[in-house]
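Naming convention: chains lettered A, B, ... in sequence-line order (proteins, then strands); numbering from 1 in each chain. From a predicted model like this one, the values you see are computed outputs, not experimental measurements. Both backbone and side-chain heavy atoms feed into the values below; hydrogens, waters and symmetry mates do not.
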Amino acid sequence: MRFKKKKNQRILRTLRRSHVVSTYGVGSVYQFKNKYNSNSDSESLMLAGIEEWFQNVDDIIPEWKIYEPRLQEALGKDFFVLPPDYRKNHDNPKIANRHLPYVRFPQWHRCSACGLMEYVGKHASSDKLVCKAKSRLKDQDQKIQNNFKVCFNAKDTSEPNKLIPVRFLVACEHGHIDDFPFIEWTHKNLKSEITKDPQEHILKSFGGRGGNSSILGLKFKCMTCNTDQVDIAKFFQKNSDNDNQNDKLGPGFNEIKHECSGSRPWIGENEHNCKAKQHVLLKGASNIYYPTIKSSIFIPVITEEFDKEILNKINNETFWNSIKDQNEEMLNIILTTVVSDTNIDLDKLKLAVKKKKGRTLKSITIRKGLGKPTEN
Amino acid sequence: MGISICIEAPEVLIISLKNVGQYYKLTNKEEIPIESKIVAFYISKFNDENKSSYKWISSNYSLNNSNQNTVEDFISNVFEIKKSTFKNNVDYFDKFFDQRAGWHQKKSSPSLDDIKIKFDGYKKEDLENEIIKCIKNINTKEINETYKYEGYFRKNLNHEIEIKNEELITGNTKKFIDYDGNDLGLSIHITKRKSEKENQYYLTLHLVNDNETSDKEYVKDCFFQCGFEIKSKDGASIFKEYKEKNLKYMDDEEKSLHLLHRNNKSYAVGHGCAVSWDLNEGNCEKVYTEIFPSYEVKPIKAKIFDDLNLDMMKFSEDVDFATNEIKKLIDKYTVWLENEKLKTNDLDQEFKEVSELNIKKATDNLDRINEGLEILKTDKAIQDAFMFMNKAMAQQQFHYKLSTEKDFEYKNDLNKIDYSNELQKIGKGKWYPFQIIFIILNIKSFSDPLSEDRDIMDLIWFPTGGGKTEAYLGLSSFVIFLRKIKEPEKSGNAVIMRYTLRLLTTQQFLRASTLICACEKIRSENEEKLGKIEINIGLWIGGEATPNTEENAKKILSSLENPHSTLENKFLIINCPWCGEDMGPDAKTSKEGSIPGYKIENISPKEKKKIVFACENISCNFSHKKKNFLPIDVIDERIYKKQPDLVIGTIDKFATLPWKPEALECFASDENINGTDLIIQDELHLISGPLGSISGMYEICIKALTEKKINNQTITAKIVGSTATISKAEKQIYSLYGKKCSIFPSQTNQLEDSFFSYEKKDADGRKYVGIFCPSSTSPQITLSKVIASLFVNVKVFSLDKCKDPKIYDPYWTQLIYFNSIRELMTGASLLYDDVDGEKNALYVKKGLDFEIKQNYDYYRRINPRQIAELTSRQDSSEIPKILKRMFVSKNEDTYPYDICLATNMIQVGIDIPRLSLMIINGQPKTTSEYIQASSRVGRDQNSPGLVFNILSPFNSRDRSHYEHFKSYHQSIYNYVEPTSVTPHSTSVRKRCLHAVVITLCRLWDKKNRALPNLPKDEIKNKVLKYITDYVKKADPDHPEEVERTEKDILEIFRRWKEIQPLKFGSMSLDQSIEGTLMYPSGTEKKIEGDQFETPTSMRNVDRECSARITNTIGANHEI
């Protein structure tokens, strides 16, 4: 096959805006595909918290703001934001080229060809997700090199093989999520102390050996420390009946005394001392991410007491937010300027504002019966 | 599992199990000497009818007799092992070696297999010598190998029970008894129901496992690969058709479908399993369950008559010859139709009426065809257009092959092609009868635009891959030439081809481009007849696929010239449609600063330099050296100005009409401009649901747009449609276009033969296999096992059995179809995990040592670079590249894609002959989607398609499809669901009635086209009348909608007056909308007012967000 000199590839990973809100919200892992690449190599990324979306509040243009007073009140927020959409060329720098922030998760990857395991870190860019067998194994023993022949002996001119995120992770019942403790688990039978730096260990993953293709057929081995090949079957065993109370961790985690790290990759900080029960879960499983959905019903003020223009004004959330907390004097000034070049009757508008504030508008009274915003 | 059947009471019914597996656990922890296994192998291998192996042992070791027991006793004594162990070993070699699928060894010892491999080639004598050695050795008590094993052995159950007629009572159960008279644990439960006819009744038989499980040894209580069959003891054909629908309650259309499919009867339905039946001369004698049901759908082909010569080149030279041949063809059809009329009398009473109706429709069509032929015989202009069309089509066929197929090369000068000769060589250049007849059928619509024919929507209904495209491409070039002959000095758009999907449009565009190149070449050679105005083609699709403005286009071009640029190629043309020379930035000859094929040139002295396409091949007719540019335009701005003869567009693009007055000018007539004559709507079945309803509303604008006056009478463009799968087309077309519809070719009494098409029974069809695994942990696991198994087995097949890549290449690339992007995402991540693991496991099972031979050629692995994705997640510029690579065949040094993941984007239009293997993950939403998607494979006759349909056990619809697998597939076109369109309903009016009103105002009120002044009453009334008339016609069943529409239009004018807009507004999302009349749907209204929210596309389009890896989060917490 003829390999042409490759152009620098543009990277654009997109997803639908409506998906960002609930299906794949903050903290969920989405399989992205580069729009400008015809191959289907996907990367797993986790959406970072909303506090990372904008550098400061001024960056949020009005178009992305949503006001819903009852929900605001219930959640104690000033406003809500729409996920900023991607527009390539735009005069307003606040709008142009807006991306949503993501972190790489899981961070452990394996080479699709030779099985070398690599801890790439949260911020690794896509072009770094290639097998580094050549550079990492350069100074290693030949025995170790032989285990990664496919990539180590590959020609320099050929494209390096792609890294693929590992297929399982650890999550606890309090909502923390972290990579599987590969270093600890592969070295569980080793008596001596080891460093936990993933760069110091050359791990290899073996798949589908002995005819078992499921996740239980996967085996891992640290080549540097020449450990035994270990599988992860133990993590899926149930606690035996005679387990004592201290063994809450479960058979697998207990063996390496692994407690929940309290990791929250979407925030970037760890909560310490989480004692919750941990589970090994498959990356693609549907029981990893449950969004918390709060909903409320928005009912605009519809009454025949006032005409349409006035209702339009007081139902406009931007307008309402700008006047609702003003004192009497300021309110008068604002309302006077608002009506100046329209045919709205100032007194009627004032009355409407007053009524809305006092919640005595007809349709506002209906709302009382609906109670607090519901939780889904 | 159960079967429901309808039967005529038999004396005795036989129900037999079909190879049901029962597994026995064996544990053996003895130490077994290897020699005993060699003996076991010997006994098994030479155990013929004379028991010669037993005899030899008994005679050689002077035993009492040669019966099995004695010999086994002797051997077990010699080796000091249990007799049962020895027997098991013999069994292993005996029955199970080739049937190990159900055999599982926990601690596998390869020694048994080793022995088989080592000694298989030995002659009897040699092996006997070996055994003598073994038995000598054992006396020294040296045990050279021991192993422990634990495993399961499979026992096949094929028992029968007989049920007498009087025992067939609801609630009766009958147990299966084994040969020793013990209860097997399986029983048949019977349910009986009455039928309308005497002596017939419905039976439901269930196979039930009666065992109660104990916790530990549950395996022996289970049965595996269950199945049973039902027949009558005397072999009589007792099974009657199992009807699930009653003809009484059907309308004519449904009845007609049942008439067409009446020969494909269904005899049973499964419960938790699939069923099949065997027919003997049309009578059903046996019904049985199936695990992997499969059905081969035979191809429906266009009929070809050997005694007719429908040669395009000949037709183009001699019109009398053409009319003669066509006359012969029509005569044949007339005879055939007479014959069909006779057939009606033999039909059941219930079908007679619809049969007569069908024949009436066919006769009507025949009359129109005869009229068309008469015109062709007499009208000189029509004759000329007809001859030019034939020439253009012939050239198109040759050059399309030249431009798309890399292995087809033409060495001679392109100017001296002997088309008749060359086309004959590649087996092209002839019309299918239905194609040429379709063109004849439509002649009158254009020769006499005032005739009624013009107002009929002609729909080609032909299965996929039948050559529909050819038929309407022919008609298009006919129309283009006819206009050029009649009014050579006028320019203007002649034909609009509308598609619904982006992907389809680009591939069809390349094909139509070849045709237009041919037309243009013919025109330049016949300027005295066809005038001096160039024939050209324009691609009118969304801005994300092609540049919208000249300025933008230049920007893209100059950026493409830089090899490090990251901008994608939006010009879409990647090879010359005439000679196939590579064009664009990815071409081999591409250098920095110049892109082959894309040029900036002075076209006319008055204008600025413009981007043009010209071939780099000097001998090509459209070479840039000759300054003959390709007559192709992709830039919107230029299309509006030039009004290309053929415009290809997506249907969504017509939503831009209210926004862009330039677009109106592109299609409308003028003194110097001849407006559109023909609209082709391909894949009509997709104009349904929400898209259909919205586009039906815009149809009003399109009708008004294409109006022109002839002799003071108004005519509109002719509409032609095509589809392979549609139901209740007449109703759909009526509500969309307000026109009557005529389906061609007309179906009469049977689907297998409509004169123009027939079911080719002796050809290899497309095979559908249903996979349904309720016992699998999840449907994903099932999917990954299927992918891996196909992945490995094709490779193993290519290694062992067949070295010729031509044979295995069609099955090399797996096309995997998902019903949503979300499912596709899960599927994609399975590939690298589960499929990868499963594949390794399979290699081990196949005995391929993948660790040693890890070069790709030997050891096929999941490589991200070999996996493509054809979805909306892909940028438009990547799609032509993927399609181009899909054509690459597997050969020693070429690697086509291993896997292509796809969504419903591929369901129409993709035509890649080498694809033959497909996996459909989950039954698609509609039958039409299922047929269309699966028709992407097996398009080449030499490599029949194979489609695996993975049905989810958690989805009751999928389950039902599995249970009806055979009856569904054998008359699959009968199951196509009618589509629903409601173009003038309240919600559609709310969304886009104002868009239609504004478009019409802008169209008719030319003075105010740029300024949003409220039109005068005269125009207002015209708009009001035009729309309400249209609605009245298209929706005659709902007069109330007309009133409401009228009310809504008046309200729109009231709002318009109130808004007092300064400008119409712009489609761009980012401009200020102050003082505008409209703002684009989906944007936030930024200022108050009553402005119209107007769609910019006919679908709901969600905004896209982009993801980037942040480097701020948790930077300090890195380990």
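Applying the salt bridge (charged side-chain N to carboxylate O under 4.0 Å, His left out) criterion to B:E551, with sequence neighbours excluded, gives no partner residue. Remark: A:K162 pairs with A:D41 by the salt bridge (charged side-chain N to carboxylate O under 4.0 Å, His left out) rule, at least two apart or across chains.
Of the two parts of A:P83, the backbone and the side chain both hold a non-hydrogen atom closer than 4.5 Å to a non-hydrogen atom of chain B. Proximity to chain B is limited to the backbone of A:R98, based on heavy atoms less than 4.5 angstrom apart. A:L15 touches chain B through backbone and side chain together, each having a heavy atom under 4.5 Å away.
The closest side-chain heavy-atom distance from A:V103 to B:T1110 is below 4.5 Å. Residues A:R16 and B:R1103 form no side-chain contact, since every pair of their non-hydrogen atoms from C-beta on lies 4.5 Å or further apart. Put simply, the side chain of B:M825 reaches to within 4.5 Å of the side chain of A:Y30, judged on heavy atoms. Counting only heavy atoms from C-beta outward, the side chains of B:E869 and A:K33 approach each other to under 4.5 Å. The side-chain heavy atoms of A:L100 and B:R1108, taken from C-beta on, include no pair separated by under 4.5 Å. Side chains of B:R822 and A:T23 form a contact here, defined as non-hydrogen atoms less than 4.5 Å apart.
Using a cut-off of 4.0 Å between Lys/Arg side-chain N and Asp/Glu carboxylate O, B:D836 and A:R110 are scored as salt-bridged.
Between chain B and the residues A:Y86, A:W266, A:Y102, the largest count of heavy-atom pairs under 4.5 Å involves A:Y102. Counting heavy-atom pairs closer than 4.5 Å to chain B, the top residue among A:P265, A:S126, A:S18 is A:S18.
When all heavy atoms are compared, the tightest approach of A:T14 to B:E1104 is OG1-OE2, 3.3 Å. Taking every heavy atom of both residues into account, A:N34 and B:Q874 meet most closely at O-NE2, 4.4 Å. Of all non-hydrogen atoms in B:I1109 and A:S125, the two that sit nearest each other are CD1-CA, 4.3 Å.
How far SG of B:C1105 is from CZ of A:R17: 6.0 Å, rounded to the nearest 0.5 Å.
Heavy-atom neighbours of A:Q55 CD from other residues, nucleotides or ligands within 6.0 Å: at or below the threshold of 12.
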